[in-house]
Colleague: 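For reference, the structure I am asking about is given below.
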Amino acid sequence: MKTRFAPSPTGHLHVGGARTALFNWLAARHAGGEFVLRIEDTDLQRSKPEYTRDILSSLSWLGLDSDGEPVYQTQRAEIYSEYAGRLLASGDAYWCHCPQERIDEARRLALENKDKPRYDGRCRDLGLGPAPGAVLRFKCPPDGLTGWNDIVKGPVSFDNGELDDLVIVRSDGFPTYNMAVVADDVSMGITHVLRGDDHVNNTPRQLLLYRALKAPEPEFGHLPMIMGGDRKRLSKRHGATSVLAFREMGYLPQALVNYLARLGWSSGDREIFTLAEMTSLFSLSSIGKSAAVFNGDKLDWLNAHYIKETPEEGLAELMRPFLAGLGLTGLDEGKLQAAAGTVRERGKTLRELAEKAAFYFRGKVELDPKAADKLLTEEGRDILRGYLPALERLPESAEDFDALLDSISRRRGIKKGAAAQPLRLALTGSTASPGLYEVLVILGTETARRRIEAALEFRA
RNA sequence: GUCCCCAUCGUCUAGUCUGGUCCAGGACGCCGGCCUUUCACGCCGGCAACACCGGUUCAAAUCCGGUUGGGGACGCCA
């Protein structure tokens, strides 16, 4: 088995493309076959090298390694002219001299009459030769059926009468998409073509090219689209869709890959898979055929899951860039790891974790004004003051600290929570934080004292 | 408009091929509870779906037909 992912570098790699890549990768790796990358950069106007770099780094971030160097279509001109030449020689293609304006006008008219726009075949039997501005068209059979057994959809077929004589070589000499894809897939020995649903209607045209070329046909599988909450095709309108944007938001590649895999594929009731587990469980026959809505909540849940599984050391390193984004750099490794351990179960993204851990590293904490208003009353300040002598030394253990809270709350006839909150606010600036004992250990007595004093001096 | 495809909880899905074990299972989210120094985590419980109509059959989420709804495609873009 040999599969390929063939993006065109006209934009960032988005989640739909990433899923296509993933399924191709899984199919190949499961079967012990090959997975190759082909950059379809024949659209000279819109293709940009920066997008190629974006695609490459997205795939490597996701862990989808390809075999061999990526192939670039712009470097394969000879191959395309060879295949086009074969079609011309066999009488399956012909030169068309129709002016662009006439074609455009015909399309406009057809659409106006609510017809399917199709080339009328004017040059088909004229036996024209090449000329400046001429294009090469494929001679589509006027009748009959072209069909295939789709890996995900089952039998699909089109009436050849629906197809027209498509352009295979443009007037600038470059092949069009359908020509290039077929020439590449044939010459690269691709056995399974897994691509988006939006290519279904290209398939009969490509099949006809394979047949005219007398080339072995690959298996085709068309993956259902990924849609936004409004059930429209996923696009920028739905917020972030590029793979790298998810990285910047603090998602782990394992989470995104796991989520994408479950969009259209399943293995019983199982939800959590590593790439390796998916690889062994993967099967083309268990790909679903209905479109799926991209739902960030489930991705968040998976991300939280993988964050919880990441050991402190690793998590600390992953959090660093996000902390740096908050202006916190050069952080002590031990302290960062300890901090990471305390926020690990309190956020869904690395970014959230960084935000929740930031208080450990700031010179002074900014008190949440609402909470300060509520907690730094006369009684609150009194409670806070009481911690000063008690915390000259670090409590021996979490139990020790708990005993301290117990005694304060009992003495004052308040709940433990009420005894803890003023301290929490002073130490962390917020009413929600990791356990106070952990916080104290990481901050140390000196910092704790300073923060308590700062809170005591706080004036709204 | 024409052609192609799709249709199970709000969402992702199992079950559909090989009808009965499904008054439909899991997960996310949501709601309630427990745990608890806060927030989380965790645990327990709950709400929630076979688009509709007809047919075949002793029996249909599962098979057939139609309707409706949704998506995609209709370029010298890929």
Side-chain angles (χ1 to χ4, degrees), chain A residues 6-10 40-43 45-47 73 96 100 103-104 107 110-118 133-137 150 152-154 156-159 161-164 166-172 174-178 180-181 196-204 222 224-225 227 229 231-233 259 262-272 285-286 288-302 304 308 343-347 356 371 398 401-402 404-406 408-409 415-421 423-425 428 430-437:
Chain A
S8 65
T10 53
E40 310 218 321
D41 52 355
T42 53
D43 185 338
Q45 264 74 45
R46 295 192 300 148
S47 295
Q73 286 191 323
C96 169
Q100 186 74 57
I103 306 281
D104 289 346
R107 170 173 307 109
L111 251 17
E112 207 166 88
N113 295 329
K114 302 200 181 292
D115 261 340
K116 189 164 184 158
R118 297 203 317 238
V135 299
L136 197 63
R137 284 185 187 272
D150 196 274
V152 347
K153 293 178 185 298
V156 180
S157 71
F158 284 77
D159 204 324
E162 290 296 327
L163 279 22
D164 64 354
L166 71 150
V167 172
I168 54 178
V169 176
R170 307 191 295 221
S171 55
D172 64 3
F174 268 98
T176 56
Y177 168 74
N178 283 299
V181 164
D197 222 347
D198 47 341
H199 287 289
V200 184
N201 49 83
N202 282 322
T203 307
H222 290 92
M225 306 265 82
M227 294 183 299
R231 299 218 162 255
K232 296 272 185 253
R233 193 184 174 146
Y259 179 69
R262 285 287 291 103
L263 236 42
W265 176 76
S266 61
S267 181
D269 282 344
R270 188 156 175 182
E271 297 287 350
I272 308 279
S285 62
S286 45
K289 40 180 154 184
S290 49
V293 172
F294 190 94
N295 171 243
D297 284 341
K298 193 149 187 180
L299 173 59
D300 283 351
W301 174 73
L302 281 164
K308 277 178 256 171
V343 294
R344 193 206 259 138
E345 296 185 343
R346 285 167 228 269
K356 289 186 160 53
F401 177 70
D402 198 55
L404 172 63
L405 285 183
D406 251 339
I408 293 171
S409 58
K415 289 188 172 172
K416 266 197 315 197
Q421 285 307 70
L423 178 62
R424 185 182 310 280
L425 179 67
T428 72
S430 155
T431 54
S433 82
L436 282 177
Y437 174 69

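Owing to the predicted nature of the structure, the values given are computational and were not obtained by experimental measurement. Letters A, B, ... mirror the listed sequences (proteins, then strands); counts begin at 1. Side-chain atoms are counted along with the backbone in the values below, which use heavy atoms only and exclude waters and symmetry mates.
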Colleague: So, is A:S430 close to the B:C39 phosphate, meaning a side-chain N or O under 4.0 Å from OP1 or OP2?
Modeller: no
Colleague: side-chain contact (heavy atoms from CB on, under 4.5 Å) for A:K289 and A:D150? Distances and angles first, verdict last.
Modeller: CA-CA 11 Å; A:K289 40 180 154 184; A:D150 196 274; over 6 Å; no
Colleague: Among the candidates B:U37, B:C76, B:C74, find the nucleotide nearest to the side-chain atoms of A:P117.
Modeller: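 The answer is B:C74.
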Colleague: Heavy atoms from C-beta onward define the side chain here; which of B:A78, B:U37, B:C4 lies closest to that of A:V156?
Modeller: B:C4
Colleague: Does A:R46 have a side-chain nitrogen or oxygen under 4.0 Å from the phosphate oxygens OP1 or OP2 of B:G75?
Modeller: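 Result: no.
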Colleague: Would you kindly give the CG-to-C1' distance between A:D300 and B:C30, to the nearest whole Å?
Modeller: 15 Å
Colleague: Just by protein heavy atoms under 4.0 Å, how would nucleotides 9-16 of chain B read 5' to 3' in B, S and -?
Modeller: --SBSS--
Colleague: Return the nearest nucleotide to the side chain of A:M227; candidates are B:U38, B:G71, B:C76.
Modeller: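 Among B:U38, B:G71, B:C76, the one nearest the side chain of A:M227 is B:G71.
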Colleague: Should A:K356 be listed as having a side-chain N or O under 4.0 Å from OP1 or OP2 of B:C39?
Modeller: no
Colleague: Side chain of A:N201, heavy atoms from C-beta onward: which of B:C74, B:C28, B:A73 has the nearest atom to it?
Modeller: B:A73
Colleague: Is A:R107 close enough to B:G75 that one of its side-chain N or O atoms is under 4.0 Å from OP1 or OP2 there?
Modeller: yes
Colleague: From A:R46 CZ over to A:S8 OG, what is the distance, rounded to the nearest 0.5 angstrom?
Modeller: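 OG of A:S8 is found 6.5 Å from CZ of A:R46.
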Colleague: Quick check: does any side chain N or O of A:D41 sit under 3.5 Å from a backbone N or O of A:Q73, one acting as donor and the other as acceptor?
Modeller: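 The answer is yes, because a donor-acceptor pair under 3.5 Å joins these two groups.
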Colleague: When the distance from CG of A:D197 to P of B:C5 is rounded to whole Å, what number comes out?
Modeller: 11 Å
Colleague: Are A:E40 and A:V181 side-chain neighbours, meaning at least one heavy-atom pair lies under 4.5 Å?
Modeller: yes
Colleague: Quick one, A:Y177 and A:D43 - any side-chain contact, counting heavy atoms below 4.5 Å?
Modeller: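 No; the side chains remain at least 4.5 Å from each other.
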Colleague: Tell me whether the side-chain N or O atoms of A:S433 pair up with the base of B:C39 as donor and acceptor below 3.5 Å, since no angle test is needed here.
Modeller: no
Colleague: Mind checking whether A:D402 and A:Y437 have side chains closer than 4.5 Å, heavy atoms only?
Modeller: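 Contact flag for A:D402/A:Y437 side chains = no.
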Colleague: Please report the distance, rounded to the nearest Å, between CD in A:Q421 and P in B:U37.
Modeller: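 Roughly 12 Å, once rounded to whole Å.
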Colleague: Counting side-chain heavy atoms from C-beta on, which of B:C41, B:C77, B:U37 comes nearest to A:A420?
Modeller: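 Of the candidates, B:U37 comes closest.
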Colleague: Does a nitrogen or oxygen in the side chain of A:K232 sit under 4.0 Å from OP1 or OP2 of B:G72?
Modeller: no
Colleague: Roughly how many Å is it from OH in A:Y177 to C1' in B:C74, rounded to a whole number?
Modeller: 15 Å
Colleague: Rounding to a whole Å, what distance do you find between A:Q73:CD and B:C77:P?
Modeller: 13 Å
Colleague: State the CD-CG distance between A:Q421 and A:L436, to the nearest 0.5 angstrom.
Modeller: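 A:Q421 CD to A:L436 CG: 7.5 Å, rounded to 0.5 Å.
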Colleague: If the cut-off is 4.0 Å, is A:R170 near the phosphate of B:C77, judged by side-chain N/O to OP1 or OP2?
Modeller: yes
Colleague: Measuring from the side chain of A:F401 (C-beta onward, heavy atoms only), which nucleotide among B:C3, B:U37, B:C76 has the closest atom?
Modeller: B:U37
Colleague: How many whole angstroms separate atom CG of A:D198 from atom P of B:C74?
Modeller: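 It is 9 Å, rounded to the nearest whole Å.
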